[in-house]
Number of protein chains: 2
Amino acid sequence: MRELNYVPNALAQSLKGRSTRTLGLVVGDVSNPFFTLLARGLEDAATAAGYSVILCNSDDDPKKEKAYLEILARRRVDGLVLTPSQTDPQPVLDWARQSGPVCLVDRPVAGLDFHAAGIDVVRGESLLAAEKLVEHLISHGHKRIAIVNGPPTLATAVDRLNGYRRALTVAGLKVDKRLEREGQFSVESGRETTLELLAKKPAPTAIFATNNQLALGAMLAARDRGLRIPDDLALVTFEDIPHVADVWPFISVAAQAAASMGQEAGRFILERIQRHGAHHAQLKGGGAKDEPLHGRELVLDTELRLRRSCGCASASGGIFP
Amino acid sequence: MRELNYVPNALAQSLKGRSTRTLGLVVGDVSNPFFTLLARGLEDAATAAGYSVILCNSDDDPKKEKAYLEILARRRVDGLVLTPSQTDPQPVLDWARQSGPVCLVDRPVAGLDFHAAGIDVVRGESLLAAEKLVEHLISHGHKRIAIVNGPPTLATAVDRLNGYRRALTVAGLKVDKRLEREGQFSVESGRETTLELLAKKPAPTAIFATNNQLALGAMLAARDRGLRIPDDLALVTFEDIPHVADVWPFISVAAQAAASMGQEAGRFILERIQRHGAHHAQLKGGGAKDEPLHGRELVLDTELRLRRSCGCASASGGIFP
DNA sequence: ATGAAAGCGCTAACAA
DNA sequence: TTGTTAGCGCTTTCAT
């Protein structure tokens, strides 16, 4: 009788029950391949558990982020996976307290006691990887190494800057603020700041771009100035562009497992949602794990992939002239 | 008084009203840069109009697609933006009749009278662009040109195959089915089928990979066999990988404006939602556009970008050795 | 003007 | 077992 086209209304179900089976995902920009993979990973984890995900692009703008959080809260998403766009921990704390489980991905919020707040964090190892990258540049003989960074409001930018500085210090090179540039994590920003850097009296001989978009911008800048990489300017960065490196093994990177990051974030948030739900609807028997469940932190390994842009010879035979 | 933390419940609002202010987006795979940009474009258009988007990856699998459509229908999304994964027009027709506005992106469904069904289509020019690409290979003197294609169930694959055949025919070359390979629109598939092609007695001297993932796979295959591009094997494909071509002007492509496609799809679907809503809730006065509104088709231009993989000399100076 | 009530489509608790 | 009912948080209508 209801074979004649009946589709249950999930809204009504959600209104009654305490779950929307929906996750909110707020990333800087899905077009950044890193976030693309992250989104895919989360989507897979979510789908497997019967959840859908609402995708939001904050462009790392706290205003946009705020607007999205508001929308997601109204929609009563069961969990939030967020790449925080600012230093202020309040929005995240508020969400955790009022709107439900949160998992921070890619970067934590400086000054946020995620452990106590019951907020999970999944991120890559940034500081150490950055240090290794710069250390490698130093091993190639570079002394004037510049950093093309993202906004200092993002933990990844801060970590990578600290790694950069540490490498210099350890090598006995002095930290020169004039070689430290910050901007957005975008191609345009990378191009502009690199251009500024290259205009300096003694120009840097190597650049550490803190993500792949910035690196792309730096390469554009090098091209603008007629510089060859790595001969005239060496370059290292974070995050591979999927598949591209396989056919064009050129850019040396510290690679993060973006898809895994998304999946792990999914695992965290789903687990937390389960407990959260069990908590709200006081289940009578069964698994009574009622301890508050502190925030966990999962730090994924970052793998150094040295190719040509740093000055190393191409490992692979190279099919291209 | 309600400054003390009140968040309206969008579920209840939606349950009462007739709108969820949500769009469903089903693409093959967001990790394909083409779909990434499409998703971003749609998200932008949606957000600007106060809509959110639920992202789904069908992997071009009709089963997964069906499951997602079911979920989206239950969630009562106001509109559906879909890259259809099969030849059967029924699912789409059903959606349009029962669940609301639909906009097909990237590809239509063969045999679907979208115009009559009131279904919009936003796509790139595939056939002609494919023909030009292959025509160009022919102009380089190639006679044995293979096609590495996606599933014949997708309109883009069909169109590109037809464009390929037409170019051959027009040039007086004969169509050789053994040089026509199909599979998935994935890197792995591209690698496998290219490997098969390269194992043939007189191997093809040029390959037309019908999307960038396949092209990446084809390049991997070339590397596997120790072939150089374009010297030993020429290659052309569809869709640029954003920014990469700027720093590595290597792959010759027919480029589509993916982000625009997403935005235009957004415009179409939002407009249709508006009318649809106005239709349901019989508005008393005002703009009485009650004509049924036929399905529209927007075909975006595809731009040929000839670089090196086809055999053309690099236009740009090239910063890489 | 402000206030009360019905109902959106479900689920869960209860009654028969 | 099957049937009825209250209520999730809103919006809209109707009465005050």
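In the text below, chain A, chain B and the rest are named by the order of the sequence lines, each starting its count at 1.
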Contact list (N/O, under 3.5 angstrom) for nucleotides 2-8 of chain D vs protein:
none

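Salt bridge Asp60(A)/Arg107(A): present, at least one basic N to carboxylate O contact under 4.0 Å. The pair Glu239(B)-Arg160(B) meets the salt-bridge criterion, with a side-chain N (NZ, NE, NH1 or NH2) lying under 4.0 Å from an Asp/Glu carboxylate O.
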**Prompt:** What pattern of brackets, bars and dots sums up DNA chain C from 5' to 3', given Watson-Crick or G-U wobble pairs under 3.5 Å, [ ] for crossing pairs and | for another strand?
**Reply:** ..||||||||||||.|

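With Asp120(A) as the partner, the salt bridge (Lys or Arg N to Asp or Glu O under 4.0 Å) test is satisfied by one option alone out of Arg275(A), Arg267(A), Arg296(A): Arg296(A).
For the side-chain hydrogen bond (donor to acceptor under 3.5 Å, both in side chains) test, no residue two or more places apart in sequence or in another chain qualifies with Asp301(B). Under the side-chain hydrogen bond (donor to acceptor under 3.5 Å, both in side chains) criterion, Ser19(A) pairs with Asp78(A), sequence neighbours left out. Judged as a side chain to side chain contact (heavy atoms under 4.5 Å, CB included), and not counting sequence neighbours, Ala67(A) has no contacts.
The side-chain heavy atoms of Leu37(B) and Pro242(B), taken from C-beta on, include a pair separated by under 4.5 Å.
Put simply, CZ on Arg75(A) is 15 Å from C1' on dC10(D), counting in whole angstrom units. Taking atom CZ of residue Arg76(B) and atom C1' of nucleotide dC10(C), one finds them 11 Å apart after rounding to whole Å. Atom CD in Gln13(B) sits about 9 Å away from atom C1' in dG9(D), given to the nearest Å.
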List the atom pairs, with distances to 0.1 Å, where a side-chain N or O of residues 23-30 of chain B and a protein N or O form a donor-acceptor pair under 3.5 Å, not counting sequence neighbours.
unit_1, atom_1, unit_2, atom_2, d
Asp29(B), OD1, Arg40(A), NE, 2.9
Asp29(B), OD1, Ser31(B), N, 2.9
Asp29(B), OD1, Ser31(B), OG, 2.6
Asp29(B), OD2, Ser31(B), OG, 3.2

